[in-house]
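Right, one structure below, let's go through it.
Order of listing sets the numbers, starting from 1, for every ligand and every atom in it.
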Amino acid sequence: MDTVKQSAAGSAVATGLRGVVAASSSIGDVNGEKGELIYQGVSIHDLATKSTFEEVVFLLWNGRLPKRAELEELKASLSASYKLPADIVELIKGISKRVPAKADPMDRLRTVISALAMFDEEANDLSHEASIRVATRLTAQFPTIVAAIDRTRNNLEPVEPKPDLNIAANFLYMMKGEMPDEFDAHVLDVALILQADHELNASTFTARVVAGTLANMYSAVTAAIGALSGPLHGGANTAIMKILLEIDSVDGVENYVKDALSKKKKIMGFGHAVYKTEDPRATHLRRLSQEMGKRKGDTKWYDITAKLEEVMKREKGLLPNVDAYSASTYYMMGIPLDLYTPIFAISRISGWTAHILEQYADNKLIRPRAEYVGPRDVPYVPIDEW
Ligand SMILES: CC(C)(COP(=O)(O)OP(=O)(O)OC[C@H]1O[C@@H](n2cnc3c(N)ncnc32)[C@H](O)[C@@H]1OP(=O)(O)O)[C@@H](O)C(=O)NCCC(=O)NCCS
């Protein structure tokens, strides 16, 4: 699709801002032609196979990989912040008591993060030192909040975080109320690494626009959660799981895709605004989804996704993105469908905060122009003369 159109006034309008370079950043780079992704220069393939989410958080915030002592220090600050202020726990419980049971966890998460700002005395200190501390608290508390949202909406007491667990294992522990399977915790850790940053994606751009007004980090992150929740962005992982459940068998894939495409319906988890070849994150999630299926003794959900990949490539030339195989992977781990996007947020908070830090460090208000296509010289008609 041609994304640059000529305006009536003769200027070029980049619909969806495709191809527009709106910031200089050293955090992450996507090479859509080659299918490459790097965080601060380090390949996602190395990070996905050799690193941990906590190490990636350090990398994103500090521009280089940590030494052992630095990583230990970051892990200690994160685990010291896992626990939520008591009033926030009460707020989460209160929300679960009062809102309709089907209220989306992303709406609840957005509300809780917005409220959290008022409990952080450093929220409006935009210095680098204070902002790193706020980013640490946010990154540490996202999993605690999401797990508490899930438990309280199911009439269960929130589970206190365990400071000796890493972010991935701790989230599964707090959500299920029991120590997680080691492989499940490892897979979630890799999934968090893979989703941590993706350059100027819609939610990160949103965060930078808000930070660019010098609003505090909580405001920027609250807005980013809103942007992530949409089905064209982070919401795609839940949407594709619904599709997999509807298809329910490898044999059903051909007809489902043909029918959907004939009705111009999108198959979530496929296609990408930047990648023109394999999304490197899908490479790892495909492997993990298959491995998870084998370990759980049922590769059905992996098999349906793989067949979907084959048919989508043949019919539309579209390839799987990060969401395609993360859906089946989370499903096999027993994670509720509507927590897939909050898990994306548990990961992406690291990238959002890295970009907010970068924005604060060299700020310029983000204020593009719109091509005006409405009427001009419209006479004012007093209201009683209509
Ligand atoms: C990600 C996405 C928004 C990028 O799209 P884009 O580059 O802006 O391209 P468009 O949405 O304009 O789509 C271009 C064409 O491909 C089709 N297309 C794109 N993704 C498709 C999908 N997942 N299923 C079916 N058709 C799709 C569009 O219908 C359009 O067809 P047309 O030219 O016949 O109208 C798009 O691929 C999409 O909606 N994918 C599904 C949602 C998703 O998985 N999002 C997570 C991204 S990580």
Donor-acceptor list for residues 379-386 side chains, cut-off 3.5 Å, not counting sequence neighbours:
none

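Residue Gly269 has at least one heavy-atom neighbour below 4.0 Å for each of these atoms of ligand 1: 43 (C), 44 (O). Against a heavy-atom cut-off of under 4.0 Å, Leu261 is close to the following atoms of ligand 1: 25 (C). Ligand 1 places these atoms under 4.0 Å from at least one heavy atom of Asp323: 46 (C), 48 (S). Those atoms of ligand 1 with a heavy atom of Ala236 less than 4.0 angstrom away are 43 (C), 44 (O), 45 (N), 46 (C). Every atom of ligand 1 is numbered from 1 in the order shown, and the set under 4.0 Å from a heavy atom of Ala273 is 4 (C), 7 (O). Close approach to Arg18 involves these atoms of ligand 1, each under 4.0 Å from a residue heavy atom: 6 (P), 7 (O), 8 (O). Each of the following atoms of ligand 1 lies closer than 4.0 Å to a heavy atom of Ile267: 22 (C), 23 (N), 24 (N), 25 (C). For ligand 1 and His233, the ligand atoms under 4.0 Å from any heavy atom of the residue are 46 (C).
Listed for the Lys364 side chain is no donor-acceptor partner under 3.5 Å among the backbone atoms of Gln359.
The distance criterion of under 3.5 Å between nitrogen or oxygen atoms is met by Leu232 with respect to ligand 1. At a 3.5 angstrom cut-off on N or O pairs, Asn321 counts as close to ligand 1.
The option with the heavy atom closest to atom 26 (N) of ligand 1, from among Asp279, Leu318, Asn201, Val322, is Leu318. One option in Met268, Lys266, Arg281, Lys276 has a heavy atom closer to atom 39 (O) of ligand 1 than any other, and that option is Lys266.
Here Arg137 pairs with Glu122 in a salt bridge; the nearest charged N to carboxylate O distance falls below 4.0 Å. Using a 4.0 Å cut-off between charged nitrogen and carboxylate oxygen, Asp248 and Lys300 count as a salt-bridge pair. Between Arg110 and Asp107 there is a salt bridge, since a side-chain N of the basic residue sits under 4.0 Å from a carboxylate O of the acidic one.
Residue Ala220 comes nearest to Ala211 through the heavy atom pair CB-N, 4.1 Å, listed as atom of the first residue, atom of the second, then distance.
In this structure, Phe344 and His233 have perpendicular ring planes: the angle between them is above 60°, well past the 30° mark.
Considering only residues two or more places apart in sequence or on other chains, His198 meets the ring-ring contact (aromatic ring centres under 6.0 Å, His included) condition with His272, Tyr275.
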